[in-house]
There are 2 protein chains.
Amino acid sequence: MTSKTLFNRMALIGVGLIGSSIARAAKLQGAVGSIVATARSPETRRRVAELGIADQVVESNAAAVEGADLVIVCIPVGACGPVAQEIGPYLAPGAIVSDVGSVKGSVVRDMSPHLPSNVHFVPAHPVAGTEYSGPDAGFAELFVNRWCILTPPEGTDPSATEKLAAFWSLLGANVETMSPEHHDLVLAVTSHLPHLIAYTIVGTADELQNVTRSEVLKFSAGGFRDFTRIAASDPTMWRDIFVANKDAVLEMLGRFNEDISALTRAIRNGDGNTLFEHFTRTRAIRRGIVQIGQDSPAPDFGRPHP
Amino acid sequence: MTSKTLFNRMALIGVGLIGSSIARAAKLQGAVGSIVATARSPETRRRVAELGIADQVVESNAAAVEGADLVIVCIPVGACGPVAQEIGPYLAPGAIVSDVGSVKGSVVRDMSPHLPSNVHFVPAHPVAGTEYSGPDAGFAELFVNRWCILTPPEGTDPSATEKLAAFWSLLGANVETMSPEHHDLVLAVTSHLPHLIAYTIVGTADELQNVTRSEVLKFSAGGFRDFTRIAASDPTMWRDIFVANKDAVLEMLGRFNEDISALTRAIRNGDGNTLFEHFTRTRAIRRGIVQIGQDSPAPDFGRPHP
Ligand SMILES: NC(=O)c1ccc[n+]([C@@H]2O[C@H](COP(=O)([O-])OP(=O)(O)OC[C@H]3O[C@@H](n4cnc5c(N)ncnc54)[C@H](OP(=O)(O)O)[C@@H]3O)[C@@H](O)[C@H]2O)c1
Ligand SMILES: NC(=O)c1ccc[n+]([C@@H]2O[C@H](COP(=O)([O-])OP(=O)(O)OC[C@H]3O[C@@H](n4cnc5c(N)ncnc54)[C@H](OP(=O)(O)O)[C@@H]3O)[C@@H](O)[C@H]2O)c1
């Protein structure tokens, strides 16, 4: 325990990229007294114990939450409902229950009904990640200077929201609060649509008859390889996201389709001015992202050049 | 002059990212006896002289090519025709004339008619670059372990093609030869379509009413920021590419649209299996690219994490 300790006992349900990064960061920062973790498979539980990133590894979700004043569910969004149902009866009165799911409307809808009224439910989404999964992929710095969005349902005790905000700040994140619906719209454009498009184009490139896969790989440095990183993300997680955030994703897809039709028309008509004008506007966005420290100004993201 | 010297005098017309990288790499490797450079604007010529990356900086394209046994035109593809017309009369007999344009069919069509029959025209495209432009953006290692595609027109003297291939190999590149038409199809999928899609989605995100620009920037680490790098590339260069490679780009866009419709349908129907199956297949491509050394396996391309 240090003066920074915010919770006595944190339970992590699911210890993949996000869960294991929370464990590492919380330990590094002394944010919690102790960490108890569990995961679905014996392999992951064993690996978490080996890594030593939790103080205790237990075999069931129910055992994990007992006596915990902070519970964070770190599993694919489609699995959150059943887990809430499982842990509901074992939660300590006054505990804060949270998650890290990339969709918030569906998680609130799926988890809320199973949580007793004497706990505080404060859903969260740290907007940070990599293309890798599992407990070995996490690291303590993942959340530093990234945003964590909290979406407390109406009527949530503000002090519970503040306490979870303080936790995420201690892990290095900037915290913002918004409604689950607005979160899902914002993330549809900043995360879900980009992933869908990346998955699509990588699939398209792989199915051409007149260009071989070996050519696609060899000449990928022309731009394509940037998309393959995102399209290597975990299929289960992303399946769940698109199923859970269908409406917002379909709305953003509609906008995207209109815009790509307009640019297609400009290409077909050889309308260089329209293309030039569009390509000039989009540069400003990149500058803005680099300016606020959400990406590196180094060429090629700072990729190593031999 | 070293034992590696392949050409006595290399002329560079245009000294931006690519031209200045060639100058730096050729000097580092001792690939040429001397370098003469020119650029359209006095500012760029002055900067090139300051940087000391050429042995001589001259004011006109005609003056640059005189006495050069290697001439490389490093300017946007739409400008290649007029420049070929300008230099045609001044080229030394036996010189190799090349370019670095991202489209090859149009460059061959635009330049060939202006080149005298006593020079060797060997078009080239180094598949390497960053999102930055201008003589300061270049570096000697840009081409190392990247591919350079040569598209010699039928009837080209094979020894000229071999000599240019040796030059690019010395700069660190792997060299491949193919027809201009096939090049344009391959690059349409590995470079031009990705850029068009990135430019589109960045524009889409910037025009939403229900999500602010500040939200798009803040939460861009969810995936969107990867697209903004590509969409920050030079507008003139990319306008020219889409005008010049219209047919192949439209063909690839057609395929992409079919594929995105299929995934949209799966989302609309809540068809998780189709999504999962698609997302699983695309991972293999990433693995392939990393395996052949065309991208870094480091999470997030090796972006700095604080
Ligand atoms: N990756 C990102 O970039 C990112 C960013 C922000 C938020 N998120 C969100 O964070 C959550 C976890 O993502 P992650 O990247 O940490 O995933 P991950 O590395 O794949 O880890 C997932 C964890 O969930 C467990 N799990 C999977 N399916 C389950 C089920 N049906 N029931 C119970 N447990 C299950 C896994 O257990 P086993 O190991 O035993 O299989 C594993 O411990 C997801 O909701 C995701 O939307 C991800
Ligand atoms: N960037 C990449 O990633 C990449 C990769 C492979 C191939 N390429 C190809 O390489 C070529 C050059 O690209 P780059 O990235 O080096 O561009 P860059 O950094 O913008 O430099 C372009 C050069 O071309 C000159 N120029 C521009 N318009 C001209 C015109 N109308 N007439 C004569 N000169 C003109 C510029 O002169 P001023 O400076 O005086 O204006 C400058 O010296 C393009 O054909 C591009 O398709 C680019």
Side-chain angles (χ1 to χ4, degrees), chain A residues 127 130 132 141 144-147 186 189-191 194-195 199-200 202-205 211 215 217-226 228 230-232 235 238-239 242-243 246 253 255-256 259-260 264 267 270 272 275-276 279-280 282-283 285-286 288-289 294-296 299-301 303 305-306, chain B residues 127 130 132 141 144-147 186 189-191 194-195 199-200 202-205 211 215 217-226 228 230-232 235 238-239 242-243 246 253 255-256 259-260 267 270 272 275-276 279-280 282-283 285-286 288-289 294-296 299-303 305-306:
Chain A
V127 184
T130 76
Y132 293 100
E141 301 75 23
V144 175
N145 206 23
R146 296 283 91 86
W147 289 83
V186 172
V189 64
T190 61
S191 179
H195 275 79
Y199 278 122
T200 305
V202 175
T204 304
V211 178
E215 288 175 322
L217 301 183
K218 273 154 78 171
F219 308 122
S220 59
F224 180 74
R225 62 180 177 161
D226 282 23
T228 62
I230 282 191
W238 283 98
R239 175 201 63 198
F242 291 114
V243 170
K246 171 170 141 173
L253 259 170
R255 309 289 187 105
F256 172 79
D259 293 344
I260 208 163
T264 304
I267 293 175
L275 296 173
F276 184 83
F279 299 168
T280 305
T282 49
R283 294 189 118 172
I285 309 275
R286 176 77 189 162
I289 288 177
Q294 291 301 310
D295 209 344
S296 162
D300 261 335
F301 306 111
R303 269 189 188 106
H305 281 274
Chain B
V127 184
T130 77
Y132 293 101
E141 301 75 22
V144 175
N145 206 23
R146 296 284 91 87
W147 288 85
V186 172
V189 65
T190 61
S191 178
H195 275 79
Y199 277 121
T200 304
V202 176
T204 303
V211 178
E215 288 175 322
L217 301 183
K218 273 154 79 171
F219 308 122
S220 59
F224 180 75
R225 62 180 177 159
D226 282 23
T228 62
I230 282 192
W238 283 97
R239 173 201 64 198
F242 290 114
V243 169
K246 172 169 140 172
L253 259 169
R255 307 290 187 105
F256 173 79
D259 293 343
I260 207 162
I267 292 176
L275 296 173
F276 184 83
F279 299 168
T280 304
T282 49
R283 293 189 118 172
I285 309 276
R286 176 77 189 163
I289 288 177
Q294 292 301 310
D295 209 343
S296 162
D300 261 336
F301 305 111
R303 271 190 186 106
H305 282 274

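Here is how names work: the chains are called A, B, and so on, in the same order as the sequence lines, proteins then strands, and each is numbered from 1.
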Most chain A-contacting option - heavy-atom pairs closer than 4.5 Å, from [options]:
{"options": "B/Val202, B/Val144, B/Asp226, B/Val243", "value": "B/Asp226"}
{"options": "B/Glu215, B/His195, B/Arg146", "value": "B/Glu215"}
{"options": "B/Thr200, B/Thr130, B/Thr280", "value": "B/Thr200"}

* By side-chain hydrogen bond (donor to acceptor under 3.5 Å, both in side chains), which residues pair with A/Lys246, not counting sequence neighbours? -> none
* Asked: Can you tell me how far CH2 of B/Trp238 sits from OG1 of A/Thr282, rounded to the nearest 0.5 angstrom?
  ->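 Output value for this atom pair is 12.0 Å.
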* Structure fact -> Rounded to the nearest 0.5 angstrom, the CG-CZ distance for B/Asp300 and A/Arg303 is 11.0 Å
Report the option among [options] that has the most heavy-atom pairs separated by less than 4.5 Å from atoms of chain B.
{"options": "A/Phe219, A/Phe276, A/Phe224", "result": "A/Phe219"}
{"options": "A/His305, A/Arg255, A/Arg239, A/Arg283", "result": "A/Arg283"}
{"options": "A/Gly222, A/Gly203, A/Ser191", "result": "A/Gly222"}
{"options": "A/Asp259, A/Leu275, A/Asn145", "result": "A/Asp259"}

* Proximal component of A/Leu253, with respect to chain B [non-hydrogen, under 4.5 Å] -> side chain
* Which pair of heavy atoms, one from B/Pro194 and one from A/Gly223, lies closest together, and at what distance? -> CB-C, 4.2 Å
* Heavy-atom pair with the smallest gap, counting every atom of B/Gln294 and A/Ala221 ->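 Closest approach of B/Gln294 to A/Ala221, heavy atoms only: OE1-CB, 4.2 Å.
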* Asked: In chain order, what residues pass the ring-ring contact (aromatic ring centres under 6.0 Å, His included) check against A/Tyr132, with sequence neighbours excluded?
  ->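 A/Tyr132 satisfies ring-ring contact (aromatic ring centres under 6.0 Å, His included) with no residue once adjacent residues are dropped.
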What part of [X] lies closer than 4.5 angstrom to a heavy atom of chain A: side chain, backbone, both or neither?
{"X": "B/Ile289", "value": "both"}
{"X": "B/Arg225", "value": "both"}
{"X": "B/Ile230", "value": "side chain"}

* Asked: Are a donor atom and an acceptor atom from the side chains of A/Arg286 and B/Thr228 found within less than 3.5 Å of each other?
  -> yes
* Is the distance between the ring centroids of A/Phe242 and B/Phe279 less than 6.0 Å? ->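 Yes - the distance between ring centres of A/Phe242 and B/Phe279 falls below the 6.0 Å cut-off.
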